[in-house]
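The block underneath contains the structure these notes are about, expressed in structure tokens.
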Amino acid sequence: MSNESTSAPNFIRNQISEEIEAGKVDKIVTRFPPEPNGFLHIGHAKSICLNFGLAEQFGGDCHLRFDDTNPAKEEQAYIDAIKEDLHWMGFEWAGDVRYASDYFDQLYAWAQHLIREGKAYVDDLSPDEIREYRGTLTEAGRPSPYRERSADESLDLLERMKQGEFAESEKVLRAKIDMASPNINLRDPILYRIRQANHHQTGDKWKIYPSYDFAHGQSDAIEGVTHSVCTLEFEDHRPLYEWFLDNLPVPAKPRQIEFARLNLSYTLTSKRKLKLLVDQGIVDGWDDPRLPTISGMRRRGYTPASLRKFCDMIGVTRADGGLVEIGMLYHAIRSDLEDNAPRAMCVMKPLKVVLTNVPEGHEEVFEAAGHPARDDMGTRKLPFTREIWIDQDDFMEEPPKKFFRLAPEKEVRLRNGYVIRCDEVVKGADGDVSELRCSVDFDTLGKNPEGRKVKGVIHWVSAEHGVPIEVRQYDNLFQVEVPDKDKDADFLDHLNPESLVIVEGIAEPSIRDAAPEARYQFERVGYFCADRHACAEGKRVFNRTVGLKDGWAKAQKKG
RNA sequence: UGGGGUAUCGCCAAGUGGUAAGGCACCGGUUUCUGAUACCGGCAUUCGCAGGUUCGAGUCCUGCUACCCCAGCCA
């Protein structure tokens, strides 16, 4: 696998470089901390490349730690999928897979420590009351009436919460910080809440679960994480993150650094919304090729290298509110596949061509390069017969100027074969063109015809030897750049009705034994990937990863 | 209207007081048995706006403006 660790410098990398030069750290430790409540998407890929990339660049470690503090939303299946995505991306985490739940005992002891220090208390307020007491963005909150209850009582209550003596929402453990803080996260944040759910890692051992804030920083400290990189929305949590580290006997003091999350045009990167698309059956599972999930992009035909390249291209900053054009992603995969995908020909909308001066039963085989610039990809055999298929788009009865394809009385080259001339257009009862009768210039194989130049080259497939395949032509799932821009509207209204168009194509025989996930460039059309599920079942299904750039279409548009 | 952030080409993004990198897109041109690729050239007198400091400011100061995040017992 190509390992383009070009990785452009960014502010985090620069900062770490300085720390290392100043001797503040010798070995860095980062971590990728997904919650197993959904599949990883392109936004996670950015974080993955950053965290694993940093460890790679500085000779440090990157841990994989599942942030599994909310059993109500998490599942083992997501854990398995996330691990597979990471492996596929080409990253190895240091040591075993870790879980925040590995530290539940320590976290509990630290909660008790805080209570004894008079810095935490069990609160009996209801969720509604807690919200009410918290105040608003502009008004200070009020202390809970339970705020000053004794440490002994809180300790006892917390233990009983843990034993399952209370119902969900009956009690919570809160830190005692500052109800008047302008930073709402410091208004006595919740440390533990009661959850009756069975936990995918700890089973029924616990009835209380730590909040993200109470678990994350301490887990980082336990693991010796030096740089805890997260997204901008956690910036307001940093004072709290540090408050815990400063008020608990933790073994280390990691630093939280925030960067801007990725916004990609025409796509959604909200786990909640992606899950809705999956649950409502709007797409074919979490790995639907139209989804920006890592597994979806994999199925679509993206390569790990292309995803890494894309992440390098977009960079890492603290500038938020931006929107990366999806065209950048397309460029990343095209440039990879241009270099690495073998070529083949496939006709998408077949139009029959009878080559009148080729005898019935005649057969010859052309040898074509597997890749025009890579000898290591060998050659493929192209059987040539009297009847062939070409694409309907490559013929026009009344062509505009500069239409370098087939038209009545015009010549065109069959890719890797002869130049042919269109002598006759046959129409069906409906008036549509049903067949073309052409003649071959046999003196044009591997050389230009005498005295004239034939500019156009079109792809074709022998009618006798062509292999029927199902082609799934994927396009953006949404029709607008920011599907969820309008908070009052339903993002489903912007679904693209043509995000998937299935067509029966006919491909050259060389793709007959394509392995699942084999990628090809269907010449003059685009890049395609053998569907890993369908092909594993013996079907021949190809997903369009991305089309080739189309200068002709662009020129037409301009008029 | 509280707090925390961010503003450099259509998009992403370098730049940390010395006279605006790069990529994507776009526009020309060359090559081409993929209207693809490759290659060559063009593409910010200007860094949200207005003042100020300085010999010199995208970089420092002041004041505006716009946008993003925060009132889950989600992460």
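Labels below follow one simple rule: chain letters A, B, ... track the order of the sequence lines, proteins then strands, and each chain is numbered from 1.
Between D128(A) and R131(A) there is a salt bridge, since a side-chain N of the basic residue sits under 4.0 Å from a carboxylate O of the acidic one. Salt bridge annotation for E74(A)-R195(A): absent, with no cationic side-chain nitrogen under 4.0 angstrom from a carboxylate oxygen. Taking 4.0 Å as the cut-off between side-chain N and carboxylate O, E338(A) and R343(A) count as a salt-bridged pair. No salt bridge links R405(A) with D391(A); every basic N to acidic carboxylate O contact stays at or beyond 4.0 Å. Salt bridge E508(A)/R380(A): present, at least one basic N to carboxylate O contact under 4.0 Å.
Atom name P, nucleotides C49(B) and G10(B): the rounded distance is 13 Å, in whole Å. Going from the P atom of G28(B) to that of A36(B) covers 13 Å, rounded to whole Å. Across the P atoms, C11(B) and U16(B) are found 23 Å apart, a figure rounded to whole Å. Remark: the separation of the C1' atoms in G3(B) and A71(B) is 11 Å, to the nearest Å. Across C64(B) and C69(B), the matching P atoms stand 23 Å from one another, rounded to whole Å. Using atom P as the reference point in both C12(B) and A25(B), the two lie 15 Å apart (nearest Å). Between G29(B) and U37(B), the distance separating the two P atoms is 16 Å to the nearest Å. Atom P of G48(B) sits at a distance of 33 Å from the matching atom of C39(B), rounded to the whole Å.
Considering only side-chain atoms of F403(A), the nucleotide from A75(B), G35(B), G10(B) that sits closest is G35(B). Each of A75(B), C26(B), U34(B) was ranked by its minimum atom distance to the side chain of K549(A); first place goes to C26(B). Listed nucleotides U32(B), C73(B), G35(B) differ in distance to I130(A); the shortest reach to its side chain belongs to C73(B). Closest contact between the side chain of E325(A) and the listed nucleotides C27(B), C24(B), C73(B) involves C24(B).
Residue side chain E258(A) does not reach the base of G5(B) through any donor-acceptor N/O pair under 3.5 Å, judged by distance alone. For R405(A) against G35(B), a side-chain N or O and a base N or O form a donor-acceptor pair under 3.5 Å.
Residue R193(A) places at least one side-chain N or O under 4.0 Å from the OP1 or OP2 atom of C74(B). Distances shown here put a side-chain N or O of T317(A) below 4.0 Å from the OP1 or OP2 atom of A13(B). Side-chain N/O atoms of H331(A) include one lying less than 4.0 angstrom from OP1 or OP2 on C24(B).
Across all strands shown, C49(B) forms a Watson-Crick or G-U wobble pair with G63(B), both key distances being under 3.5 Å. Judged by Watson-Crick or G-U wobble contacts below 3.5 Å, the nucleotide C26(B) has G42(B) as its partner.
Ring centroid separation for the pair Y266(A) and F478(A) does not come in under the 6.0 Å cut-off.
Nearest heavy-atom pair across R413(A) and K447(A) is NH2-O, 2.9 Å.
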Q) For nucleotides 64-72 of chain B, read 5' to 3', which letter fits each nucleotide if B means a protein heavy atom sits under 4.0 Å from the base, S means only the sugar-phosphate is that close, and - means neither? A) ----BBBBS
